[in-house]
Each structure stands twice: as structure tokens, then as C-alpha cells.
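Take a look at the structure set out below.
Please read all numbers here as calculations on a predicted model, not as lab measurements.
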Amino acid sequence: MTLFADILSSVFERRVRFSAGWSKDDRSLAQLTTDLIGTAGEGSGRSIASRILDTYQGLDSAGKKDFFLHLAEDMNIDPDAVRQTLAAYEDTPGKASYRAFMSASEPPRQELIRRLNMVPGGTEILVRMRADLLRLSENDPALQALDVDFRHLFVSWFNRGFLVLRPISWESPAHILDKIIDYEAVHAIQSWDDLRRRLQPEDRRCFAFFHPAMPDEPLIFVEVALAEGVPGSIQRLLAEDREILGQEKADTAVFYSISNCQAGLAGISFGNSLIKQVARDLAAELPQIKTFVTLSPIPGLVDWLVENQVSFDAADAGTMKKLAAEFLLHAKRPDGLPRDPVARFHLGNGALVHAVHAEADSSEKGRAQSGGTMVNYLYDLARLTENHEGFIARQPVPASSEVKSLANPKNRPTG
């Protein structure tokens with residue numbers, strides 16, 4: 001830690017930031033961060049870290065941005081030290097020269113974040129802190145670089161080995177159920193009765209990933225319907241008066257909603273592991289289930305049609321299915337990946353486009369983003385790796401023969 005302390009000492013000789021509202025005791029928040037990096041005692045370190053986190057949570061947006069600018073500018077790497085230690089390692093490769101280079105190339109703010117994480121409850125506060133950073137860092141390269149450090153650490157802290165898969169049922173604690181209602185991002189849960197209909201019947205399931213450091217905060221959850229055959233309408237799947245299916249009759253598991261819960265974990269992917277783990281668990285519990293599909297929105301479809309001046313307001317069901325198939329299979333970003341974000345997610349997991357359905361989502365949101373169309377992505381457990389590798393290699397989007405036939409070039413917008 002001597003190198004970190006030396007760098008910070010030289011930095012603060014040149015520049016110390018003072019901001020109203022930063023102090024909770026006689027030391028500024030900037031000074032507290034310096035003290036935390038320089039301390040060797042675990043007890044005193046936790047005390048200082050607690051003060052930093054408590055003070056941060058009391059700041060307004062302007063104060064939080066000042067704090068982030070302090071981390072981005074005053075706790076950055078020293079380029080001269082990086083160059084010198086790299087040259088020394090190139091001249092004399094070895095343990096000592098490599099350690100010196102690694103120490104110089106890691107910004108002190110990474111160690112600061114690690115030490116803040118040692119405080120009980122620190123992980124959750126840091127996740128909220130990153131949510132603030134993402135909100136405040138638009139068009140600021142220095143703050144965006146700081147986020148690289150947060151993301152680097154979070155990828156390690158929230159890797160699959162640390163996550164716990166828990167079923168969510170109607171008997172789950174009320175504070176967890178309340179968060180499921182709040183965090184649902186695909187098909188809004190309108191009431192507690194609506195939630196009960198999604199959790200209590202024997203043909204419904206819900207699973208969430210939790211982290212041991214955040215036991216009361218779901219990170220991501222998926223809602224599952226057990227069905228006979230592949231469904232093509234979300235309103236029928238969630239209808240109040242639907243007939244409950246005995247789970248022994250189900251041959252299909254439908255992932256109809258997957259919601260990320262923590263804004264501060266944006267870009268940290270859990271969905272891949274979640275869907276595959278749930279599919280394996282359901283296959284073990286109910287071996288008669290052989291088909292695993294989603295019933296997914298197509299959020300980019302309407303924007304794409306409008307941009308290409310395609311009239312679709314009065315389009316019949318067949319035309320909408322053709323347009324949706326063309327969009328999913330052929331509308332790409334400049335990097336060659338599918339334009340639709342939901343498609344990128346599921347295709348990146350190794351799924352394929354199985355079927356498209358018109359008039360499948362009559363909600364205001366469904367009409368606005370996709371003209372009411374939806375899509376099934378099929379998770380063929382035997383082909384996930386093959387499909388994923390093809391996706392990474394920018395091969396054609398894997399799809400059923402039915403969808404391929406719908407995506408005829410003559411349906412392609414020319415605008």
C-alpha cells in the first residue's frame with residue numbers, strides 16, 4: 001500500500017478538492033479517502049470506510065458528482081509510473097518488476113472501492129453508488145473511465161460462483177414480494193392479486209438470483225409459465241380467468257418475463273446463467289418438459305419500421321409477422337449484431353428464433369414498441385453452445401424454417 005499512499009500524497013500536494021457538504025467530521029471526504037488508502041489497521045480502516053459511505057449517502061447529486069470527479073482525477077493512475085515500471089519489467093522480467101508494474105497500473109480508487117466493500121452493508125451501498133455514477137457520467141470521459149473500475153470489480157464480486165438461486169413463491173417474505181412487484185420491468189404487476197396469480201398456481205414458477213452480501217435484494221428474476229405447447233399471446237398466458245394446468249400435463253416451460261433489479265449492476269450479465277440454471281432445474285423436477293421457450297417483446301420493431309417509412313398501422317396479422325421476422329433476422333447494428341436488444345440477449349445465450357406472433361400483446365406498451373407482436377426464442381439445450389458460437393462469429397441468426405420463410409427479402413424495408 002506504500003505506492004498508493006505515495007501517489008496520493010503527491011497528488012494532494014498539488015490539488016485538494018474542497019466541497020460544501022463533504023464533511024461529516026473535521027475531515028473532508030477527500031481527506032477520508034486518502035486516510036482509508038493509507039491506513040494499515042483493519043478496525044480503523046472500517047471506521048473510516050463507514051464514515052465515507054455515510055457521508056456519501058447524504059450528498060445531493062452535485063456533491064456525488066464532485067466525489068466521483070475526485071476519484072476519477074485525484075485517484076487515477078500515474079502514467080509516468082506506469083511507463084517506468086513497464087520499462088523496468090521489459091528490461092528485467094521477474095516477480096518484483098511485475099508486481100511494481102501491476103501496482104502502478106491499478107488506480108488507487110480500485111483499492112478504495114475494495115476497502116469500502118469491507119463495511120457491513122457496503123456492497124449494497126456500492127451498487128447504489130454505481131447507479132449514481134451511471135446517471136451522472138453521461139458525456140464525461142473521466143467518469144466513464146471510473147465506471148470501468150467499478151465494473152471490473154463487480155464482475156468479480158458478482159460472478160456466478162457467488163450467486164444463490166432461490167425460488168420465489170407466494171409464501172416468500174412480503175418484503176421480497178414487494179420488490180418483485182417494483183422491479184418487474186416487462187409486464188407490470190398491477191396488484192397483489194396479480195402477483196398471486198403469477199406465483200401461487202402449480203403451473204407458475206419464479207426464480208431469482210441473490211448475492212450473499214445482499215440477501216434481501218434480488219439481482220434478477222425470471223417468471224415461468226408451465227404450458228401445453230408453445231404460447232403465442234401474453235394476454236392469454238396471464239388472463240385472470242385462465243384454466244390452471246396441472247403441472248403433470250405440462251410439456252413446455254415458458255420464460256415470459258426476465259427483469260434486472262439493480263441499476264448499479266447494469267452490464268453485469270446474470271440472465272444467461274439464470275435461464276440455463278432454471279431450465280436444468282425444471283427438467284430435473286418435471287422430466288416430461290422437453291421444450292424451453294420465451295415469450296418475448298420486440299422493443300425495437302416499431303422504431304425500425306418508422307425509420308424505414310413502413311406503414312404498419314393497418315397491417316394484418318400476416319404482414320406484421322413477416323415484418324417482425326425480417327426485423328429479427330436481418331436488422332443489424334453497425335457491429336453486425338442484431339438491432340433488437342432482447343434478440344441480442346437471447347441469441348447471445350444460444351437460443352434461436354422459433355416463432356413470431358401478431359396480436360400477441362395488446363397492452364399500450366406492447367402496441368407502442370412492437371405493434372403487438374411477440375416472439376418465442378427456443379432454448380434447445382443440446383444446441384446452445386453451437387448457436388452461441390455462431391452468434392459470436394456473426395453468422396446468420398439461427399431460426400426455425402417457419403421464421404426463415406417469413407423473413408423473405410421482398411418484405412425488407414427499402415427506406
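Surrounding CD of Glu240 are at most 12 heavy atoms belonging to other residues, nucleotides or ligands under 6.0 Å away. Residue Glu138 qualifies as open at atom CD: its count of foreign heavy atoms under 6.0 Å is 12 or below. The local environment of NZ in Lys249 is sparse, with at most 12 non-hydrogen atoms from other residues, nucleotides or ligands closer than 6.0 Å. More than 12 heavy atoms of other residues, nucleotides or ligands shown are found within 6.0 angstrom of CD on Glu248.
The main-chain N or O of His354 is never found under 3.5 Å from a side-chain atom of Asn376 such that the two would form a donor-acceptor pair. Judged by distance alone, the side chain of Gln262 and the main-chain N or O of Leu265 form no donor-acceptor pair under 3.5 Å. Using modelled atom types, one side-chain atom of Gln288 and one backbone atom of Gln247 make a donor-acceptor pair closer than 3.5 Å. Remark: the backbone N or O of Val310 is not paired with any side-chain donor or acceptor of Asn308 at under 3.5 angstrom. Side chain of Arg160 to backbone of Leu163: a donor-acceptor contact under 3.5 angstrom is found. At distances below 3.5 Å, not a single donor-acceptor pair connects side-chain atoms of Ser47 with backbone N or O atoms of Gly43. Judged by distance alone, with hydrogens and angles left aside, the side-chain atoms of Asp149 form no donor-acceptor pair with the main-chain N or O of Arg109 at under 3.5 Å. A donor-acceptor contact shorter than 3.5 Å is absent between the side chain of Ser259 and the backbone of Phe221. Judged by distance alone, the side chain of Asn349 and the main-chain N or O of Ala351 form no donor-acceptor pair under 3.5 Å. A distance-only check finds a donor-acceptor pair linking the side chain of Arg115 to the backbone of Leu36 [under 3.5 Å].
Smallest separation of non-hydrogen atoms from Gly366 and Asp361: CA-OD2, 3.4 Å. Minimum interatomic distance between Asp140 and Leu69 (heavy atoms only, all atoms of both residues): OD2-CD2, 3.9 Å. Scanning both residues, Arg204 and Arg198, for their nearest heavy atoms gives CB-O, 3.2 Å. Of all heavy-atom pairs spanning Phe345 and Ile258, the tightest one is CZ-CD1, 4.1 Å. A pairwise comparison of heavy atoms in Phe210 and Met214 identifies CD2-O, 4.2 Å as the closest pair. Across all non-hydrogen atoms, the minimal contact from Arg333 to Arg339 is CG-CA, 3.8 Å.
Between His211 and Phe158, the distance from one ring center to the other falls under 6.0 angstrom. A distance below 6.0 Å separates the ring centres of Phe67 and Tyr56.
A donor-acceptor pair shorter than 3.5 Å cannot be found between the side chains of Thr373 and His357. Arg166 and Ser172 share no donor-acceptor pair across their side chains, judged by distance under 3.5 Å alone. Glu359 and Ser233 share no side-chain donor-acceptor pair at under 3.5 Å.
Comment: Glu326 does not engage Lys322 in a salt bridge, judged by the lack of any side-chain N to carboxylate O separation of less than 4.0 angstrom. Using a 4.0 Å cut-off between charged nitrogen and carboxylate oxygen, Arg83 and Asp80 count as a salt-bridge pair. Ion pair Arg114/Glu111 flagged as a salt bridge, since at least one NZ, NE, NH1 or NH2 atom sits closer than 4.0 Å to an Asp/Glu carboxylate oxygen. By the 4.0 Å N-to-carboxylate-O rule, Asp203 lies close enough to Arg242 to be salt-bridged with it. By the 4.0 Å N-to-carboxylate-O rule, Lys179 lies too far from Asp182 to be salt-bridged with it.
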task: Would you check, one step at a time, whether the test side-chain contact (heavy atoms from CB on, under 4.5 Å) holds for Asp340 with Leu301?
output: CA-CA 8 Å; Asp340 188 78; Leu301 177 58; 6.0 Å; no
- request: Would you check, one step at a time, whether the test side-chain contact (heavy atoms from CB on, under 4.5 Å) holds for Leu337 with Phe391?
  value: CA-CA 8 Å; Leu337 292 176; Phe391 177 81; 3.6 Å; yes
query: Would Tyr379 and Val293 satisfy side-chain contact (heavy atoms from CB on, under 4.5 Å), going step by step from the backbone distance to the final call?
result: CA-CA 6 Å; Tyr379 279 77; Val293 297; over 6 Å; no
- request: For Arg135 and Asp132, run salt bridge (charged side-chain N to carboxylate O under 4.0 Å, His left out): C-alpha distance rounded to whole Å, both residues' side-chain angles, the deciding distance at 0.1 Å, then the answer.
  value: CA-CA 5 Å; Arg135 175 173 57 86; Asp132 291 334; 3.2 Å; yes
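The aromatic rings of Phe255 and Phe292 sit parallel to each other, their planes meeting at less than 30°, with 60° as the upper class boundary. The aromatic rings of Phe68 and Phe150 stand perpendicular to each other, their planes meeting at an angle above 60°, with 30° marking the opposite boundary. Between Phe101 and Tyr98, the two ring planes are tilted [angle within 30° to 60°].
To the nearest 0.5 Å, atom CD of residue Gln57 and atom CE of residue Met129 are 8.0 Å apart.
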